[in-house]
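Atom set for the values below is all heavy atoms of this structure, side chains included, hydrogens, waters and symmetry mates excluded. Indexing begins at 1, ligand by ligand and atom by atom, following the structure's order. Counting begins at 1 with the first residue of the sequence.
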Amino acid sequence: MSHILVTGGAGFIGSNFVRFVLDNTAHSITVLDKLTYAANTASLQGLPASRFALVQGDITDADLVDGLVASHDAVVHYAAESHNDNSLDDPRPFLDSNVIGTYTLLEAARRHGTRFHHISTDEVYGDLELDDPNRFTESTAYNPSSPYSSTKAASDLLVRAWVRSFGIEATISNCSNNYGPYQHVEKFIPRQITNVLTGVRPKLYGAGANVRDWIHAEDHSSAVLSVLEHGSIGETYLIGADGEKNNREVVEMILQQLGQPAGAYDLVTDRVGHDLRYAIDSTKLRTELGWAPRFTDFSEGLASTIAWYRDDPAWWEPQKKAAEARYTAQGR
Ligand code: NAD
Ligand code: TDX
């Protein structure tokens, strides 16, 4: 039984991980979160006070981070600025949180000998052609495209350097695109679901041909727990669930599941530098740690996600207007 510090635990994937760990283990959790626009404390409501606490604070605050890292057995580091479109408008917060924030946590983990797991993304590998038979593996060269993915790549390299130079006990996981409950409405799937629920047509960037490799957030959580508990120190594990779909297919499924005509979407201005395709080969995680995803049917996972947004408008309505105002300013 351990006391785990989860950074960014009021965001989408972090809050799913907190629930997963509290439901399936005896570990207790402290969340450290700055509560940026992307956070939602409603995602953490109803958790057992004996095993859960929330601290509002910034991972770049070295004094705060030092005390928290010293008093926990492990750190699982989710906190980051996470949205590519925002990083194209204003990169600076991505450098602060993703690079300096990770550095600040690593230094504390080094001082206190604390186990550290770093959460990252497949976007550090750049993109693939649609017909490329290869998928990303742990040995694919880093080639990030956006300010977001380049700061995530920088943070991964810091972790690797701190393992090699200072011997910290760290692991890294790079996961593909997550979907599921508690995802901010700026992101692709919840944006389109909540658009349809509010009578607005879904917005597809470019021609909608870009491919993402979708994984349910609960499967990401089970994989991270598995790496935290059984992963080899210094190793990187890729997390993916063989969920490749192009954006047009996803929008058409959302429209169909919500009873709308398949073509009831708009094509809008493409994202600058838009990565074409991501695809993960998760053989290492599956063979070395015996992990397997539970959500293997995307259509079913999408249906439960749509039901969650339909049933809980109070969770997302307060953030919808501001998110759409940012898109309107970008012409999307
Ligand atoms: P999110 O934007 O929903 O949540 C990020 C959380 O981090 C928010 O609660 C925010 O308040 C917090 N945060 C941001 N800056 C902070 C700071 N300086 N100090 C403390 N807290 C801060 O993001 P998400 O989609 O849940 O992603 C979580 C992590 O998973 C990120 O590291 C991201 O790179 C990674 N990841 C995401 C995906 C995906 O599909 N969303 C896929 C692979 C990896
Ligand atoms: O309205 C939209 N229309 C659209 O076509 C939005 C918001 C997005 N898109 C496209 C862009 C991408 O091809 O959908 C795809 C998914 O977009 P995002 O949800 O913005 O995700 P992406 O840029 O792929 O990055 C996500 O997965 C990897 C997360 O936001 C990252 O944090 C994670 O690292």
Atom 5 (O) of ligand 2: closest protein heavy atom, distance to 0.1 Å, is Tyr205 N, 2.8 Å

Under 4.0 Å from any heavy atom of His83, which atoms of ligand 2 are there? 20 (O)

Of the options His118, Glu235, Arg115, which is the one that meets Thr171 in a side chain to side chain donor-acceptor pair (under 3.5 Å)? Arg115

Between Tyr278 and ligand 2, is there a nitrogen or oxygen pair with a distance under 3.5 Å? no

Would you say Ala38 has any N or O atom under 3.5 Å from an N or O of ligand 1, going by distance alone? no

At what distance is the nearest protein heavy atom to atom 30 (O) of ligand 2, and which residue and atom is it? Lys187 CE, 3.1 Å

Looking at atom 20 (O) of ligand 2, what's its closest protein heavy atom, distance included? Arg271 NH2, 2.9 Å

Protein residue, atom and distance nearest to atom 29 (C) of ligand 2, heavy-atom basis: Ser82 O, 4.0 Å

Any N or O of Thr36 that comes nearer than 3.5 Å to an N or O of ligand 1? yes

Please work out, at 4.0 Å between heavy atoms, whether the side chain, the backbone, both, or neither of Lys152 comes within that distance of ligand 2. neither

Taking distance alone, with no angle check, do Lys203 and ligand 2 share an N/O pair under 3.5 Å? yes

Ligand-residue contact atoms, ligand 2 with Leu204, heavy atoms, under 4.0 Å: 5 (O)

Which heavy atom of the protein is the closest neighbour of atom 19 (O) of ligand 2, given with residue, atom name and distance? Phe188 N, 2.9 Å

Take a 6.0 Å sphere around OH of Tyr205 and say whether it holds more than 12 heavy atoms from other residues, nucleotides or ligands. yes

Which is it for Tyr148 and ligand 1 at heavy atoms under 4.0 Å: side chain, backbone, both or neither? side chain

Are the aromatic rings of His184 and Tyr37 close, with centres under 6.0 Å apart? yes

Under-4.0 Å salt bridge between Asp242 and Arg286: yes

Quick test: of every protein heavy atom, which one is nearest to atom 7 (C) of ligand 2, and how far off is it to 0.1 Å? Tyr327 OH, 3.2 Å

Identify, for atom 1 (O) of ligand 2, the protein heavy atom at the shortest distance, and state residue, atom and that distance. Arg191 NH1, 2.8 Å

Do the side chains of Glu218 and Arg294 get close enough for a salt bridge, i.e. N-O under 4.0 angstrom? yes

Below the 3.5 angstrom mark, is there an N/O of Ser120, backbone or side chain, next to an N/O of ligand 1? no

Ligand-side contact atoms (ligand 2) for residue partner Thr121, heavy atom cut-off under 4.0 Å: 28 (C), 33 (C), 34 (O)

For ligand 1, is any non-hydrogen atom under 4.0 Å from Lys152's backbone (N, CA, C, O), its side chain (CB onward), both, or neither? side chain

I'd like to check which ligand 1 atoms, numbered from 1 as shown, lie under 4.0 Å from a non-hydrogen atom of Ile13. 24 (P), 25 (O), 26 (O), 27 (O), 30 (O), 36 (N), 37 (C), 38 (C), 39 (C), 41 (N)

Does Arg92 pair with Asp96 as a salt bridge, N-O distance under 4.0 Å? yes

Which ligand 1 atoms are under 4.0 Å away from a heavy-atom of Ala80? 5 (C), 7 (O), 14 (C), 31 (C), 32 (O)

Side chain or backbone of Asp122 under 4.0 Å from ligand 1, or both, or neither, by non-hydrogen atoms? neither

Decide whether the shortest distance between a heavy atom of His274 and an atom of ligand 2 is less than 4.0 Å. yes

Can you tell me if Ser15 contacts ligand 1 (heavy atom of the residue under 4.0 Å from the ligand)? no

Taking only non-hydrogen atoms of Tyr148 and a 4.0 Å limit, the atoms of ligand 2 in range are 31 (C), 32 (O), 33 (C), 34 (O)

What I want to know is whether Gln192 and ligand 2 share at least one N or O pair that is separated by under 3.5 angstrom. yes

Below 4.0 Å, non-hydrogen atoms only: which portion of Glu123 touches ligand 2? Side chain, backbone, both or neither. side chain

By number and element, which atoms of ligand 2 are closer than 4.0 Å to a non-hydrogen atom of Glu186? 7 (C)

For atom 27 (O) of ligand 2, the closest protein heavy atom turns out to be Asn177 ND2, 3.1 Å

